[in-house]
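Report on one structure; see the data block that follows.
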Amino acid sequence: MEKLEVFNETKLKSLLTKRSDESKFGEHIHIPLQHTDIYEQIKTLDVQYIIFGIPEDVGVFANLGKPGTSNAWDACLMVLLNIQSNQFTHANKVLVLGHLDFSKEMQKLSELDQKNSKDIQKSRKLVSKIDKHVSDLVSIIVKAGKTPIVIGGGHNNAYGNIKGTSLALKKPINVINFDAHTDFRNEEGRHSGNGFRYAYSEGFLKNYFIFGLHENYTSEAIFKELSDNPHIEFNSFEAIEVRKELSFKSELNRALQFIQSKPFGVEIDCDAILNIPSSAMTPSGFSTSKARNFLHIMAQNKQAMYLHLCEAAPTPETESQVGKLLSYLITDFIKAHNNA
């Protein structure tokens, strides 16, 4: 765990804003002990949810996307620690572990030119290195019988989540992805647009459901491939929200039927949520309330093994709003999953 920067009391105090007659989430969470074996600590602690961050832009850069996803972790912590601790939020079930420190990789990225094809290949090699650290940490958490909640970075990190969970369970897993894109592009070197492809090709991913695909941003070749593959199902945002051909509720049930036979991961790409600052921000997407309802339904199933919230790209002006969104989604997942 050379890349793991553990969360500590000093950092907690710097972010916590206490108020009289109120009890904040950050006052009741668990934080890791320093210089102690992480696996044993996670395994023995009386917690269920292990939250950690991946502040990186490398996968998005490697996919020719807009950077900023490295800022989501700090934006999330700032808000999450200061929400109320009460009968609904279950702070005592949470360990805030810390984040994977990819500052060296980010420094290398700053020296690359996104318009240079050789530099793009270099960035994709960096993503492969990031993959290993993500999958190792997720595997440790799942092996310990706990539930990872992974915040930040590009959707390239879906690969590490899937691989890590699959290795811990010693079998392939299913995944549902709330996303405007398939992220099932060709194996052309790792980036944020092909994490699910690599996970599927390498046998870590079995059934894959894409919820709310945007028709304008999916190629005909991909549509054909999705339709021909019995292990992949999808619906489109337009069919549900624009043409009203499909019911949101019935599609949630159909998606669950497709994935719940095995342990599954829950992936939410903030690109799919209306007007959320992200690497591919959309003026036409699901509302935050719809995203929260989607997550509530998925998390009610004990087969849900992890949650990944990715692609949010806050600026200094929007970090509070992004932090609120991520905090709502984290607590929605915990509330539903804890009572499953």
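Values below: every heavy atom of this structure, side chains too, minus hydrogens, waters and symmetry copies.
- Listed by chain and residue number, Lys122 satisfy the salt bridge (charged side-chain N to carboxylate O under 4.0 Å, His left out) test with Asp119 (two or more places apart in sequence, or in another chain).
- Using a 3.5 Å distance cut-off with no hydrogens or angles, the side chains of Glu311 and Thr69 do not pair a donor with an acceptor.
- Each of Gln114, His181, Arg185, His155 was checked for a side chain to side chain donor-acceptor pair (under 3.5 Å) with Asn63, and the lone residue meeting it is Arg185.
- Contact check for Trp73 versus Leu100: no side-chain heavy atoms found under the 4.5 Å cut-off.
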Review point. Is there a side chain to side chain contact (heavy atoms under 4.5 Å, CB included) between Val266 and Tyr306 once you walk through the steps?
Key: CA-CA 6 Å; Val266 181; Tyr306 74 78; 5.9 Å; no
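- Shown here are the ring-ring contact (aromatic ring centres under 6.0 Å, His included) partners of Phe223, two or more places apart in sequence or in another chain: Phe234.
- For Phe264 and Phe209, the ring centers are positioned 6.0 Å apart or more.
- Within a 6.0 Å radius of CG in Asp228, other residues, nucleotides and ligands contribute more than 12 heavy atoms.
- Heavy-atom minimum distance, Ala180 versus Ala272: N-CB, 3.8 Å.
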Determine all donor-acceptor pairs shorter than 3.5 Å in which one atom belongs to a side chain in residues 9-16; sequence neighbours excluded.
unit_1: Ser14; atom_1: OG; unit_2: Lys11; atom_2: O; d: 2.7

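- More than 12 non-hydrogen atoms from other residues, nucleotides or ligands lie less than 6.0 angstrom from CZ of Arg243.
- When each of Phe248, Phe258, Phe237 is tested with Phe211 by the rule ring-ring contact (aromatic ring centres under 6.0 Å, His included), just one qualifies, namely Phe248.
- With respect to the salt-bridge test (charged N to carboxylate O, under 4.0 angstrom), the residues Arg292 and Asp332 qualify.
- Ile83 and Leu95 are not part of a single hydrophobic cluster, where members link through side-chain heavy atoms under 4.5 Å apart.
- Under the 4.0 Å criterion applied to side-chain N and carboxylate O atoms, Lys324 and Glu319 are not assigned as salt-bridge partners.
- Ring centers of Phe196 and Phe184: at least 6.0 Å apart, outside the cut-off.
- Ionic pairing of Arg197 and Glu188 is not present here: no N-O contact between side-chain nitrogen and carboxylate oxygen is shorter than 4.0 angstrom.
- A salt bridge does not link Lys24 with Glu27: every distance from a Lys NZ or Arg NE/NH1/NH2 to an Asp or Glu carboxylate oxygen is 4.0 Å or more.
- Looking at every heavy atom in both residues, Ala91 comes nearest to Ser85 through CB-OG, 4.0 Å.
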Review point. Going through the distances and angles, do Glu251 and Arg254 end up as a salt bridge (Lys or Arg N to Asp or Glu O under 4.0 Å)?
Key: CA-CA 5 Å; Glu251 284 302 287; Arg254 183 170 76 90; 2.8 Å; yes
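- The CG atom of Asp183 sits 9.0 Å away from the CG atom of Asn156 when rounded to the nearest 0.5 Å.
- In the hydrophobic clustering of ILVMFWY residues, with side-chain heavy atoms under 4.5 Å counting as a link, Ile120 and Met106 come out together.
- Closest approach of Val138 and Gly160 over heavy atoms only: CB-O, 4.2 Å.
- The structure places CG of Asp269 at 7.0 Å from OG of Ser278, a figure rounded to the nearest 0.5 Å.
- What you find for Ser123 and Leu109 is that their closest heavy atoms are CB-CD1, 4.0 Å.
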Exercise for review: Walk me through it: do Phe294 and Phe286 pass the test ring pair (Phe, Tyr, Trp, His ring centres under 6.0 Å)?
Suggested key: CA-CA 10 Å; Phe294 164 88; Phe286 287 111; 8.3 Å; no
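- Within a 6.0 Å radius of NZ in Lys108, other residues, nucleotides and ligands contribute 12 heavy atoms or fewer.
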**Study point:** Candidate pair Cys76 and Ile151, rule side chain to side chain contact (heavy atoms under 4.5 Å, CB included), full reasoning
**Key:** CA-CA 8 Å; Cys76 176; Ile151 309 299; 4.0 Å; yes
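- Not counting sequence neighbours, Lys262 has no partner by the side chain to side chain donor-acceptor pair (under 3.5 Å) test.
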Which donor-acceptor pairs under 3.5 Å do the side chains of residues 333-340 make with protein atoms, sequence neighbours left out?
unit_1: His337; atom_1: ND1; unit_2: Tyr49; atom_2: OH; d: 2.9
unit_1: His337; atom_1: NE2; unit_2: Ala304; atom_2: O; d: 2.9
unit_1: Asn339; atom_1: ND2; unit_2: Lys335; atom_2: O; d: 2.9

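- For the residue pair Glu56 and Ser70, no side-chain donor N or O sits within less than 3.5 Å of a side-chain acceptor on the partner.
- Side-chain atoms of Asn174 and Tyr208 include no donor-acceptor pair closer than 3.5 Å.
- Between Thr282 atom OG1 and Asn275 atom CG the span is 8.0 Å, to the nearest 0.5 Å.
- For an aromatic pair to be called close, the ring centres must be under 6.0 Å apart, and Phe52 with His99 fails this.
- Atoms CD1 and CG, from Ile149 and Leu326 in turn, are 11.5 Å apart once rounded to the nearest 0.5 Å.
- Here the closest heavy-atom approach between residue Pro263 and residue Leu169 is recorded as CB-CD1, 3.7 Å.
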Point to revise | side chain to side chain contact (heavy atoms under 4.5 Å, CB included) between Leu167 and Phe204, worked out | key: CA-CA 8 Å; Leu167 289 175; Phe204 302 118; 3.9 Å; yes
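- More than 12 heavy-atom neighbours from other residues, nucleotides or ligands sit within 6.0 angstrom of OH on Tyr39.
- Of the possible donor and acceptor atoms, one in the side chain of Asn194 sits under 3.5 Å from a partner among the backbone N and O of Gly189.
- Sequence neighbours left out, the pairs with a member in residues 158-169 that pass side-chain hydrogen bond (donor to acceptor under 3.5 Å, both in side chains) are Tyr159-Glu202, Asn161-Glu267, Asn161-His308.
- Residue Tyr328 qualifies as open at atom OH: its count of foreign heavy atoms under 6.0 Å is 12 or below.
- Applying the 6.0 Å contact sphere to NZ of Lys302 captures more than 12 heavy atoms from other residues, nucleotides or ligands.
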Point to revise | side chain to side chain contact (heavy atoms under 4.5 Å, CB included) evaluation trace for Leu80 with Ile51 | key: CA-CA 11 Å; Leu80 179 65; Ile51 301 178; 3.9 Å; yes
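- Under a hydrophobic clustering in which Ile, Leu, Val, Met, Phe, Trp and Tyr are joined whenever their side-chain heavy atoms come within less than 4.5 Å, directly or via other members, Val150 and Val47 fall into the same cluster.
- For the pair Leu137 and Leu4, the tightest heavy-atom approach, listed with the atom from each and the gap, is CD2-CD1, 4.2 Å.
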